[in-house]
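FYI, the numbering just counts along the sequence from 1. Everything quoted here is computed from the prediction, not taken from an experiment.
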Amino acid sequence: MIILADYWMGRDIAYPLALTPDIKRNAITTVALANELLAIFGQGRRVNSGWRPPAVNAATANAAPMSKHMTGQAIDLADPEGDLDDWLMGDIGQAAMTRLGLWHEHPAATKSWAHLQTLPPRSGKRTFYP
């Protein structure tokens, strides 16, 4: 099970001024939904990337300038074998994301991790290309 400390990755201590009440609320929701999804999937995962304050996001290779990680509305889960991504691309994973209100970045853009977010992308597609 993922806990908030996993999601913060120590950045709540290192960047306390960047951590707003809205980000805290968003993070609670993101972690809860990720845990629900993983329970349906039937396997746990560790957090590869959780909350990113702007300075961390700017230093993260290939990070979107307006990444949902900065607002606490995205999480990257370890997926070295790609089995979580494969499941998310299938009917059961898509239905689970729809029920939970999660969106998934296409695995072609996220080798070795699965990116989930709590807001739809501009395309509105459940699995999207960045």
Side-chain angles (χ1 to χ4, degrees):
M1 173 177 269
I2 298 165
I3 61 172
L4 277 172
D6 300 329
Y7 186 76
W8 297 131
M9 304 177 76
R11 296 170 182 156
D12 55 329
I13 306 301
Y15 299 90
L17 298 178
L19 188 55
T20 67
D22 283 342
I23 292 170
K24 289 178 183 178
R25 281 190 293 276
N26 292 341
I28 290 167
T29 299
T30 299
V31 168
L33 291 174
N35 280 324
E36 285 187 57
L37 186 76
L38 291 172
I40 297 166
F41 177 57
Q43 295 180 27
R45 288 288 188 270
R46 70 175 173 76
V47 176
N48 269 12
S49 189
W51 176 58
R52 293 185 204 142
V56 172
N57 195 68
T60 301
N62 302 314
M66 298 304 293
S67 173
K68 302 294 183 263
H69 287 274
M70 293 192 302
T71 58
Q73 296 169 304
I75 189 169
D76 293 344
L77 302 174
D79 192 29
E81 304 301 320
D83 53 332
L84 176 57
D85 272 331
D86 289 346
W87 181 79
L88 290 168
M89 295 294 289
D91 292 342
I92 296 171
Q94 291 285 305
M97 287 190 297
T98 298
R99 182 172 65 78
L100 294 171
L102 288 169
W103 287 263
H104 169 235
E105 194 168 320
H106 196 280
T110 61
K111 299 293 183 199
S112 78
W113 77 90
H115 170 90
L116 297 166
Q117 61 186 50
T118 61
L119 290 177
R122 277 180 263 174
S123 70
K125 294 186 179 197
R126 193 62 55 186
T127 295
F128 63 95
Y129 287 93

Side chain to side chain contact (heavy atoms under 4.5 Å, CB included) evaluation trace for Leu77 with Leu37: CA-CA 11 Å; Leu77 302 174; Leu37 186 76; 5.6 Å; no
Is there a side-chain contact between His106 and Phe128 (heavy atoms, below 4.5 Å)? no
Cluster check Trp103, Leu33: I/L/V/M/F/W/Y, side chain < 4.5 angstrom: no
Gap between atom OG of Ser67 and atom CG of Asn62 - 0.5 Å precision: 11.5 Å
Can you find a pair of side-chain heavy atoms, one from Gln43 and one from Leu84, that are under 4.5 Å apart? no
Do Lys68 and Asn26 touch side chain to side chain, with heavy atoms closer than 4.5 Å? no
Indicate yes or no for a side-chain donor-acceptor contact from Glu81 to the backbone of Asp83 under 3.5 Å, with no hydrogens or angles considered. no
Atom pair CD/CD1 of Gln73 and Ile23 - distance to nearest 0.5 Å: 9.0 Å
Quick one: pull up CD1 in Ile13 and CZ in Arg11 and give me the separation to the nearest 0.5 Å. 13.0 Å
Whether the side chain of Asn35 engages the backbone of Ala32 through a donor-acceptor N/O pair (distance < 3.5 Å, no angle test) should be reported. no
Show the nearest heavy-atom pair for residues Tyr7 and Ala27, with the distance to one decimal. CE2-CB, 3.5 Å
With rounding to the nearest 0.5 angstrom, report the CG to CZ distance, Asp6 to Arg45. 14.5 Å
Using side-chain heavy atoms (C-beta onward) and a distance below 4.5 Å, is Ile40 in contact with Arg99? yes
Leu102 vs Thr118, side chain to side chain contact (heavy atoms under 4.5 Å, CB included): CA-CA, chis, key distance, verdict: CA-CA 5 Å; Leu102 288 169; Thr118 61; 3.9 Å; yes
Any donor-acceptor pair under 3.5 Å linking the side chain of Arg126 with the backbone of His104? no
Can you confirm whether more than 12 heavy atoms, excluding those of Leu119, are under 6.0 Å from its CG atom? yes
For Thr127 and Met89, indicate whether the former's side chain and the latter's backbone hold a donor-acceptor pair under 3.5 Å. no
Do side-chain atoms of Arg52 reach the backbone of Met70 as a donor and acceptor pair under 3.5 angstrom? no
Restricting to pairs with a member in residues 25-82, which pass ring pair (Phe, Tyr, Trp, His ring centres under 6.0 Å), not counting sequence neighbours? Trp8-Trp51, Phe41-Trp87, His69-His115
For residues Leu116 and Met97, determine if any side-chain heavy atom of one lies less than 4.5 Å from a side-chain heavy atom of the other. yes
Scanning both residues in full, the closest heavy-atom pair of Ala64 with Asn57 reads O-ND2, 2.9 Å
Run Leu19 and Lys24 through side chain to side chain contact (heavy atoms under 4.5 Å, CB included) and show every step you take. CA-CA 7 Å; Leu19 188 55; Lys24 289 178 183 178; 3.8 Å; yes
Quick check for you: to the nearest 0.5 Å, what is the distance between Leu4 atom CG and Ile28 atom CD1? 5.5 Å
Decide yes or no for Thr71 and Asp22: does some side-chain heavy atom of the first lie under 4.5 Å from some side-chain heavy atom of the second? no
Which value, rounded to the nearest 0.5 Å, describes the distance between Asp79 atom CG and Asp86 atom CG? 7.5 Å
